[in-house]
2 protein chains.
Amino acid sequence: MKLTIGIDIGGTNTAIGVVNEKGEVVEQQSIPTPSHGDVDQYITDITNAIAKLEKKVSSINPDAEILGIGVGAPNGNFYNGTIEHAPNLSFKGIVPFTEKLKEKYPKYKESIALTNDANAAAIGEMVYGGAKGMKTFAMFTLGTGVGSGLVVDGDLVYGNDGFAGECGHTTLIPGGRKCGCGGYGHLETYCSAPGMKRTAFEIIARDNAADSILADKSFNKLESKTIFEAAEAGDKVALEVFEKTGHWLGISLADTVHHISPEAIFLFGGPTSAGDYIFKPTIESMEQHLIPVFKDKVKVLKSELSLGHAAIVGASALVWKLLE
Amino acid sequence: MKLTIGIDIGGTNTAIGVVNEKGEVVEQQSIPTPSHGDVDQYITDITNAIAKLEKKVSSINPDAEILGIGVGAPNGNFYNGTIEHAPNLSFKGIVPFTEKLKEKYPKYKESIALTNDANAAAIGEMVYGGAKGMKTFAMFTLGTGVGSGLVVDGDLVYGNDGFAGECGHTTLIPGGRKCGCGGYGHLETYCSAPGMKRTAFEIIARDNAADSILADKSFNKLESKTIFEAAEAGDKVALEVFEKTGHWLGISLADTVHHISPEAIFLFGGPTSAGDYIFKPTIESMEQHLIPVFKDKVKVLKSELSLGHAAIVGASALVWKLLE
């Protein structure tokens with residue numbers, strides 16, 4: 001049985017999983033992502049966790065063979081294997097992450113790689129999910145932010161510096177909402193989970209919508225799940241939030257189609273659980289914003305990666321791409 | 001001496017040129033693009049023109065060897081070698097253009113290809129121009145419309161259907177200016193030559209700018225060259241046209257950087273003759289709209305292809321890419 005290891009580095013926790021060829025997580029462990037900024041200590045923590053996982057796996061299946069380690073990290077640079085100036089991590093500057101991992105695992109010298117979470121998710125979709133066999137597609141991850149990964153002719157687009165695929169920060173509305181990155185009007189400020197909340201508050205304010213279910217929640221308490229539940233209950237504000245979010249997302253997806261003309265665009269993340277509430281207006285808007293030559297050609301699909309494991313699974317898929 | 005043939009199919013004329021390895025046009029001829037819709041007759045006209053060019057070339061240099069034929073055509077599909085539903089040509093439906101050419105030239109069976117003009121220009125830049133040796137870059141052509149070609153890891157991005165790279169039709173301002181394609185707010189409506197004219201008229205109307213040089217021209221008479229001359233003369237309206245055009249173009253270039261993270265973006269076309277008037281605000285705006293990781297990394301350069309010959313030269317470069 002051939003297995004790969006996926007590491008998902010989050011701001012608070014680091015999830016490490018052993019993944020089989022179908023993209024299923026067979027063993028998993030979580031350790032804190034340190035706030036002390038000591039990378040070497042962190043690498044030691046990771047290797048200890050991996051040792052435990054390896055032991056478990058081989059006790060269950062003595063024939064199990066681990067092929068390598070893939071890492072998904074914020075500001076991860078595929079070319080250099082570095083994590084660069086990640087604002088939510090305690091490690092400052094440029095961290096030579098894969099180099100340090102390779103020192104610990106000489107046997108995986110050729111099969112350790114790192115990229116950012118959304119790129120990893122795109123590779124996961126290609127290796128294990130709905131994009132199997134597709135040559136050109138895009139992945140948009142909707143969550144706290146909006147991430148993206150682009151695949152052209154079977155390869156992830158890393159660009160000149162290793163950081164390509166940041167469509168969440170394309171300008172949707174010039175001079176629009178303030179973005180966490182310092183910019184304005186970025187897709188992320190409209191179509192992330194917090195973006196949907198901002199839309200809800202705009203609509204409530206505009207309509208003085210005291211009768212909305214959402215009018216009883218503070219800005220800090222409102223979750224995108226609640227907006228979905230309210231939409232299902234027929235709440236007008238919530239329904240308009242999905243209409244608007246889909247409208248905006250569709251404009252951006254059309255822009256991406258005009259760039260790379262993908263076979264499909266996959267959507268991943270909490271908001272996609274809302275099904276038609278989000279997919280219907282998104283597809284309508286995308287089609288409306290395409291030039292004729294692209295109309296009715298591009299599929300918009302829900303990611304087949306499971307919400308809870310996608311980051312680990314995506315990271316682990318990097319190994320398969322390396323070994324191709 | 002190794003030569004290639006480039007064919008540039010325009011709405012009115014078809015330019016056919018023989019191009020040397022440096023990207024210089026050594027012989028050239030122009031024939032009308034027919035309005036009669038008879039493709040076979042058109043192909044015969046083209047082969048007659050090529051026969052004359054071949055004769056001329058071999059009379060000057062008996063060692064000259066022609067390697068193949070590249071075609072730049074509106075709505076050109078690289079994968080199928082077809083021209084599909086081109087609104088400005090008399091040939092209706094899907095024309096199997098390279099297939100018909102190959103019937104006439106069995107010797108070039110492996111070295112005949114077709115794509116759209118902007119893609120051809122991008123390949124020309126890569127084979128003969130400023131993008132030599134670059135792996136990932138973008139080309140924007142500013143003219144009657146705005147075209148684009150994207151190169152990722154040394155290959156032009158054709159996408160799933162052969163039509164990728166239509167950045168002129170990305171949405172710059174949702175619900176904005178009406179575009180020739182039927183859409184609204186597309187980059188092309190702001191940053192093409194006619195887009196600049198529309199901007200001039202908006203500013204004149206807004207400011208009641210009777211004292212502008214441009215206020216003496218009708219909408220149908222105003223050319224983008226005149227706007228450049230007015231800017232050089234210090235005309236406030238013209239100067240603002242360049243500021244705004246650059247501001248808008250910079251937003252779009254930033255969007256493209258967020259997609260593919262290119263080493264450089266090349267600008268081609270009449271408006272680029274305005275030099276700093278257009279490049280300065282474009283670069284400032286692009287930098288302003290980039291997330292930190294991309295800032296001060298991406299060069300914005302003037303295309304090195306000559307204005308008059310770029311389409312032929314770009315088309316001819318397709319042959320070199322095929323023979324790689």
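Values in this document were obtained by computation on a predicted structure and should not be read as measured data. Residue numbering restarts at 1 for every chain, and letters A, B, ... go by the order of the sequence lines.
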Original post:
Looking at A/T136, A/V152, A/I260, which one has more heavy-atom pairs under 4.5 Å with chain B than the rest?
Top reply: A/I260
Subject >> Among the listed options A/G168, A/P292, A/G165, the residue most often paired with chain B at heavy-atom distances under 4.5 Å >> reply: A/G165
How many angstroms lie between [atom1] in [X] and [atom2] in [Y], if you round to the nearest 0.5 Å?
{"X": "A/H186", "Y": "B/D255", "atom1": "NE2", "atom2": "CG", "answer": "8.0 Å"}
{"X": "A/H289", "Y": "B/T171", "atom1": "NE2", "atom2": "OG1", "answer": "5.0 Å"}
{"X": "A/I291", "Y": "B/E188", "atom1": "CD1", "atom2": "CD", "answer": "9.0 Å"}

Subject >> For chain A, which residues of residues 155-164 of chain B have heavy atoms nearer than 4.5 angstrom >> reply: B/V157, B/Y158, B/G159, B/N160, B/D161, B/F163, B/A164
Report the option among [options] that has the most heavy-atom pairs separated by less than 4.5 Å from atoms of chain A.
{"options": "B/E84, B/Q288, B/M134, B/E263", "result": "B/E263"}
{"options": "B/I251, B/T256, B/I173, B/D153", "result": "B/T256"}
{"options": "B/C167, B/C181, B/A138", "result": "B/C167"}

Original post:
Taking atom NZ of B/K280 as the centre, does the number of heavy atoms from other residues, nucleotides or ligands within less than 6.0 Å exceed 12?
Top reply: no
Original post:
Should we say atom NZ of A/K135 is surrounded by more than 12 heavy atoms from elsewhere, each under 6.0 Å from it?
Top reply: no
Subject >> Side-chain donor-acceptor pair present, B/T170, A/H259, cut-off under 3.5 Å >> reply: no
**OP:** Check whether A/S252 gets within reach of chain B through its side chain, its backbone, both or neither, counting any heavy atom under 4.5 Å.
**Re:** neither
**OP:** Against chain A, label B/L172 side chain, backbone, both or neither, depending on which of its atoms sit under 4.5 Å from a heavy atom there.
**Re:** backbone
Subject >> Close side-chain approach of A/F294 to B/E166, heavy-atom, < 4.5 Å >> reply: yes
